[in-house]
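Pasting in a structure now, in structure tokens, and then I'll have a few things to ask.
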Amino acid sequence: MTKEGLEAYWKQFQASDHYDLNLPRSDMKSGKEEPKSISTSKSMSKSNSSKDHKILTAYIEDTDQSQWSIKPLPMRNTTSSSLLELKYPKVNSCRNLPSQWPINESMKTHNHRTIPTMKRQTDLPTDADPFLPWIHDVFPTADGKYVQFIAQNRRRCQTGAKYADIKAHMQPNIALFQHVPIKRTSIDADGEQRYRLASHTDADEDGMETRFLCHFPSVRVTTLSKHNVNYDYHTYRKGYQSTFTEEGFDNHIIWTSQLLFQCPIPEQLVDIVKSGRSVVDDYATLYVDLVPVRTPPRYAHPMAYMPPRYAEKKNTWLDTEFYGTNHILPRIQDSGRWTNIPICKPSLMTYPDEGDKGGDDKFDNDEYDNQSMQEIKHEQDATQSKSQSQTESQTKHQIIPQQQLQTNFDSIMTTPKKHKLIACTWASVSFHTRGSRTVVSDGEKRLREWAEFHRLAGVDHIYLYDNSGQFHQDMNLQPVVDLFPGFITRIDWPCKICNNNPGQGDNKGERSSQYAAESSCRLRFGEHAQWLASMDTDEYLVPKGNHTNLTDVLKKAEEEKIHIFSFKSKRAKPRLDLLDRSKVTNCNGRTCLDPSIPENKTFLEIYNCDIEKPPRKNTMPAEKQIYRPDYVKFHFVHYSTITTLSKLNRTSTKELGYTWRHRYQEPHVRFADEETEMAMLHSKSIVISETKNFNKACKNERGSCSLGIPFEPGIENRSNPSEMAKTTIGNEVGWICNCFPHENISNYWIPLLNKALVERGSLK
């Protein structure tokens, strides 16, 4: 991208949805010194006027990919004057940060700019400069030690064969998933610390596995980022030959959907961030600048370039060959970067959940001392950090002594938590189905009933990532949240899905908004819960057998050292006998039935009809899970892809008494017993077009009937067509039975749920 092109891009950007000329603008120049320290909240309050609020800014740097083939990689000669400056004054509220962050492309298409190498129009900084991470959320950890970033892999949005130019342009975005070692060099004439690319043996201890410089201007300190997980190492543990391909056909590597990394907070700022005192009237007074280290992606075997803690053989990808021995990085002010990223309060302070939950509350928020919980974790982290630091200083391999390793591994399961079980869900008032074939608009009713059910079933708190803003400017799920004071916390999450295609085919769908929401919830709120359930609002986790509370089953799992509970999933059928059969309509010459839920019925009651009795065998391969968030380090919708144990190297794994396998197999997971523990009812809505010719299909033994015709109680599973039972619905005979109601749902949960909904005014 030329300088002229960047300037034209800026002019067009100024008129886009992201830019607001009426909001305050920063007069801060690149490289301007900040105060050395901020000591008290009182001093911060004095500067809490709008003119002192720093504006989130993206500095766009051009990348010449033709230089990537040169060995060693040429040093960049960029200057501050060659960068394009994009300001985001609308990003000004900590509580609303996820909804204000520039994630979506502007709706004003005439303000978009065509990036020549992409042959498409866009106004996203990540598209213009793919080395800038596509950030969806950012927040400090509860202990105040790190700024956590949730970013998505923008290259996964368009992966079809015809998008080769886009995938080539977006290569820097995948490079961000791979670590680079760096070393601090001299202080330059302007007093700025300089950095160079290094080898693992030559790198600074905190720079051995990094990708970003994290500059904290208030104290003029720069720390080095670290990934939450080593993506290449996990690719190796899964048995794949490469984490990324140059062609970009790698969406099946699901752990590369989300870029998760942390910036260590300088020691002098930890306490003030941890306490939340750095945020005044919902405005941040501390900021971090994020500077990516710009090196090409490595298209090699995942173990070709490993840090010492994972390297089992000599690295075959040679850093000195590709980087040389004196590759100095440009100064921060001369580098493309994000600046003035707000450092807000820890998540439970930003989104407090105090209040009446509307039912029995096992955890008294008034008695819960969040500070003491953080101190416990702080002390444990300090002990672990000290032990690890001592070991590394001796061997430069991150191997913890066996006794200490066992203590650290066990302690994550016993640390006191605020909640026993929380649920995370990503929902909206309405949404487009995959492929945008139709619109489903039952979000409010679904959330009301789903939240009420899981409150009764033992969930302590629900964190709702409300995606309504993707489709509506004036509608959201707040009215439902208001019905459950203290039980549901709503995070406004309007970021769009970047590709809503089905999951199969050439250009596979990428539900980026959902993936980022799940990671945000796990990392923001999971550390305050013993168990986390990540579900959609059409998925009901039903206690079975003698259990009426999910947490009773989880106690048993804890005794068995099960950290991940999986649930079989299969789409249930809406019962024809409970629908309004007068809503027959014509669908392009075929007879259809409107499957809308009657006002006096619930989704649980209508969809209580599975094609098999438990234990089910004919289920989908994509299960759902309840898991220990302290143990699961990366979760992708259906699967716990990376865990505390899978992150360990061969030596540490064996020291803990586990068998090492190249292809990792999780020992702390099992499926729930659907008869005696828990089962999932998947009440995914059918749309009217799916009922076409129902009056014939549901009476034909070979027909495909999407509506549920329940067997009588006591009937076992039927698989032989000659055993098909027929029943009468209304005045019509000959309906072929095809599903089984869960008896405990019919006899216990439906009456209990209906009673609670009526008392709350949510059901007639």
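Here, residue 1 is the first one in the sequence, and each next residue gets the next number.
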- prompt: Do S278 and T285 have side-chain atoms, one donor and one acceptor, less than 3.5 Å apart?
  reply: no

- prompt: In terms of ring plane angle, is the pair F177 and Y231 parallel, tilted or perpendicular, where the classes change at 30° and 60°?
  reply: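 If you compare the ring of F177 with that of Y231, the planes turn out perpendicular.
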
query: Above 12 or not: heavy atoms from other molecules or residues under 6.0 Å from CD of E558?
result: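 More than 12 within 6.0 Å, yes.
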
Ring geometry between F261 and F212 (parallel below 30°, tilted from 30 to 60°, perpendicular above 60°):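 Parallel.
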
field: Stepwise side chain to side chain donor-acceptor pair (under 3.5 Å) check, Q148 with N228
entry: CA-CA 9 Å; Q148 175 69 58; N228 288 47; 3.1 Å; yes

- request: Starting at OG1 of T256, measure out to CG of D232 and round the result to the nearest 0.5 Å.
  value: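 T256 OG1 to D232 CG: 10.5 Å, rounded to 0.5 Å.
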
message: Any non-hydrogen side-chain atom of R522 less than 4.5 Å from a side-chain atom of E527?
response: no

message: For the aromatic rings, using the six-membered ring if either is Trp, is the centroid distance between H635 and Y627 under 6.0 Å?
response: yes

field: Pairwise distance OG(S640) to NE2(H563) - rounded to 0.5 angstrom
entry: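 Output value for this atom pair is 11.5 Å.
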
query: Parallel, tilted or perpendicular: which fits the ring planes of Y465 and W493, with parallel below 30° and perpendicular above 60°?
result: perpendicular

- request: State yes or no: are the ring centers of H454 and H461 separated by less than 6.0 Å?
  value: no

Side-chain heavy atoms of H327 within contact of T295, under 4.5 Å: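 Answer no - side chains too far apart.
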
task: Walk me through it: do R524 and D137 pass the test salt bridge (Lys or Arg N to Asp or Glu O under 4.0 Å)?
output: CA-CA 10 Å; R524 275 187 178 273; D137 201 7; 2.8 Å; yes

- request: Just do the salt bridge (Lys or Arg N to Asp or Glu O under 4.0 Å) check on D271 and K274 with the steps written out, would you?
  value: CA-CA 5 Å; D271 286 341; K274 176 181 175 180; 5.4 Å; no

Salt bridge (Lys or Arg N to Asp or Glu O under 4.0 Å) partners of R294, counting only residues at least two apart: E61, D129

message: Can you list everything that forms a salt bridge (Lys or Arg N to Asp or Glu O under 4.0 Å) with R184? Sequence neighbours excluded, please.
response: D204, D206

message: Using 30° and 60° as the class boundaries, would you call the ring planes of F525 and Y351 parallel, tilted or perpendicular?
response: perpendicular

- prompt: Is the closest side-chain heavy-atom distance between V293 and L329 below 4.5 Å?
  reply: yes

Inter-residue atom distance L132.CG - N173.CG, 0.5 Å rounding: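 If we round to the nearest 0.5 Å, L132:CG and N173:CG are 9.0 Å apart.
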
- prompt: Between H136 and W134, how do the two ring planes meet: parallel, tilted or perpendicular, split at 30° and 60°?
  reply: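 Correct class here is perpendicular.
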
query: For F131, what residues pass the ring-ring contact (aromatic ring centres under 6.0 Å, His included) criterion, not counting sequence neighbours?
result: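 Testing F131 for ring-ring contact (aromatic ring centres under 6.0 Å, His included), a comparison that skips the adjacent residues, returns none.
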
query: Which value, rounded to the nearest 0.5 Å, describes the distance between R196 atom CZ and I328 atom CD1?
result: 6.5 Å

W338 side chain to T57 side chain, donor-acceptor N/O pair below 3.5 angstrom: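 The answer is no; no qualifying pair exists.
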
Those residues that, when tested against T350, pass side-chain hydrogen bond (donor to acceptor under 3.5 Å, both in side chains) (two or more places apart): none

- prompt: In terms of ring plane angle, is the pair Y310 and Y233 parallel, tilted or perpendicular, where the classes change at 30° and 60°?
  reply: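 Plane angle under 30°, so parallel.
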
task: Only counting residues at least two apart or in another chain, list the ones meeting salt bridge (Lys or Arg N to Asp or Glu O under 4.0 Å) with R490.
output: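 Expected list: D466, D492.
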
T141/Q262 under side chain to side chain contact (heavy atoms under 4.5 Å, CB included): CA gap, chis, key distance, verdict: CA-CA 9 Å; T141 54; Q262 297 177 327; 4.0 Å; yes

query: Looking at CG of L269 and CD1 of I343, how far apart are the two atoms once the value is rounded to the nearest 0.5 Å?
result: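 Rounded to the nearest 0.5 Å, the CG-CD1 separation comes to 7.0 Å.
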
field: Which residues share a disulfide bond (SG atoms under 2.5 Å apart) with C495, sequence neighbours left out
entry: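 C495 satisfies disulfide bond (SG atoms under 2.5 Å apart) with no residue once adjacent residues are dropped.
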
- prompt: Does any non-hydrogen side-chain atom of F634 lie less than 4.5 Å from one of S257?
  reply: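 Contact flag for S257/F634 side chains = yes.
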
